Amino acid sequence: MQVLLNLINNSKDSLIKNKISDPWIKINALDENKMLTISVEDNGKGIDKEILNKIFNPYFTTKHQSQGTGIGLYMCKKIIEGNLKGKLIANNTEVGAKFIITLQKN
C-alpha cells in the first residue's frame, strides 16, 4: 500500500509541477498465470532521460529540499524487491511516466 501511495503522490506532484491541463493517473492491475502486475502511469511529461537511471538511488531527488528526501522511490524498490521478491521498474511513455510492479504469486 505504501508503495502505491508513494507512486501516486509522485505522479500528482509531476502533474502539478508541469501544470498539465488535463491531468490523469491510471492504475492497472493484471492477474495472470502466476504473476500480478500493477502499473501506475501519468501524463506528467515523464522523467528526464538523464536521471531515469538514478531515480531509485537513495537520497536522489528532483524536488526542493523541503519537499522531498530522495528516499521514497528507493524505499519503494527495497520493499518490492527485498521484502516481496518482485520487481519495480520505471519508464517513460509518449506523455508521461509509468511505474510497473511485478509480483510472483504463490
Side-chain angles (χ1 to χ4, degrees):
M1 186 59 84
Q2 188 62 45
V3 171
L4 289 174
L5 286 173
N6 191 61
L7 296 177
I8 292 166
N9 275 326
N10 283 353
S11 287
K12 175 192 63 102
D13 292 346
S14 177
L15 295 168
I16 292 169
K17 175 185 168 193
N18 292 311
K19 299 179 175 134
I20 303 301
S21 59
D22 291 316
W24 52 260
I25 299 171
K26 293 179 184 176
I27 302 167
N28 283 317
L30 179 62
D31 182 355
E32 65 180 9
N33 299 328
K34 295 186 178 199
M35 302 298 289
L36 175 63
T37 304
I38 303 167
S39 66
V40 178
E41 180 179 1
D42 63 52
N43 66 335
K45 296 189 179 177
I47 302 163
D48 188 340
K49 291 176 188 171
E50 288 150 16
I51 66 165
L52 190 57
N53 64 339
K54 298 176 186 175
I55 63 170
F56 293 113
N57 291 350
Y59 308 110
F60 179 82
T61 184
T62 60
K63 297 176 183 176
H64 186 273
Q65 200 169 20
S66 65
Q67 295 175 323
T69 60
I71 60 169
L73 287 176
Y74 169 74
M75 289 306 299
C76 287
K77 193 162 183 80
K78 294 292 275 182
I79 291 168
I80 296 298
E81 295 185 358
N83 297 9
L84 300 176
K85 307 298 184 225
K87 289 192 186 266
L88 173 61
I89 61 167
N91 54 49
N92 285 320
T93 65
E94 290 182 16
V95 295
K98 184 174 187 177
F99 287 81
I100 302 167
I101 300 166
T102 307
L103 302 170
Q104 228 177 342
K105 297 186 328 185
N106 292 335

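This structure is a prediction, so every number in the text was calculated from the model and none was measured.
A 4.5 Å side-chain heavy-atom check between F56 and I89 finds every atom pair outside the cut-off. Side-chain contact between P23 and D42 is absent, with no heavy atoms from C-beta onward closer than 4.5 Å. I38 is not listed as a side-chain neighbour of N28, based on a closest heavy-atom distance of 4.5 Å or more. When side chains are defined from C-beta on, E41 does not count as touching I25, because their heavy atoms never get closer than 4.5 Å. Between N43 and L15 the shortest side-chain heavy-atom distance falls below 4.5 Å. Within the 4.5 Å cutoff, the side chain of L52 has no heavy atoms near those of the K49 side chain. In this structure the side chain of L4 never reaches within 4.5 angstrom of the side chain of F99, judged on heavy atoms. A heavy-atom distance below 4.5 Å is not found between the side chains of K87 and I101.
Separating the NZ atom in K98 from the CG atom in N91 is a distance of 7.0 Å, to the nearest 0.5 Å. Between the CD1 atom in I79 and the CD atom in Q2 there is a gap of 6.5 Å [rounded to 0.5 Å]. Put simply, NZ on K54 and CG on N57 are 8.0 Å apart, with the number rounded to the nearest 0.5 Å.
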Legend entry - Full working for side-chain contact (heavy atoms from CB on, under 4.5 Å) between L73 and L7: CA-CA 8 Å; L73 287 176; L7 296 177; 3.7 Å; yes

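Heavy-atom neighbours of K105 NZ from other residues, nucleotides or ligands within 6.0 Å: above the threshold of 12. Counting non-hydrogen atoms of other residues, nucleotides and ligands closer than 6.0 Å to CD of E81 gives a total above 12.
In the hydrophobic cluster analysis, where Ile, Leu, Val, Met, Phe, Trp and Tyr join through side-chain heavy atoms closer than 4.5 angstrom, I27 is grouped together with L84.
A side-chain contact (heavy atoms from CB on, under 4.5 Å) with N6 holds for exactly one of N10, V3, I8; it is N10.
Contact record, I100 with S39: CG1-CB, 4.2 Å, taken as the closest heavy-atom pair. Of all heavy-atom pairs spanning G86 and L103, the tightest one is CA-CD2, 3.9 Å. Closest non-hydrogen pair, I20 versus G44, comes out as CG1-CA, 4.0 Å.
In this structure, K19 contributes its side chain and I16 its backbone to no donor-acceptor pair below 3.5 Å. Not a single donor-acceptor pair under 3.5 Å links the side chain of N33 to the backbone N or O of M35. At least one donor-acceptor pair under 3.5 Å links the side chain of K77 to the backbone N or O of L88.
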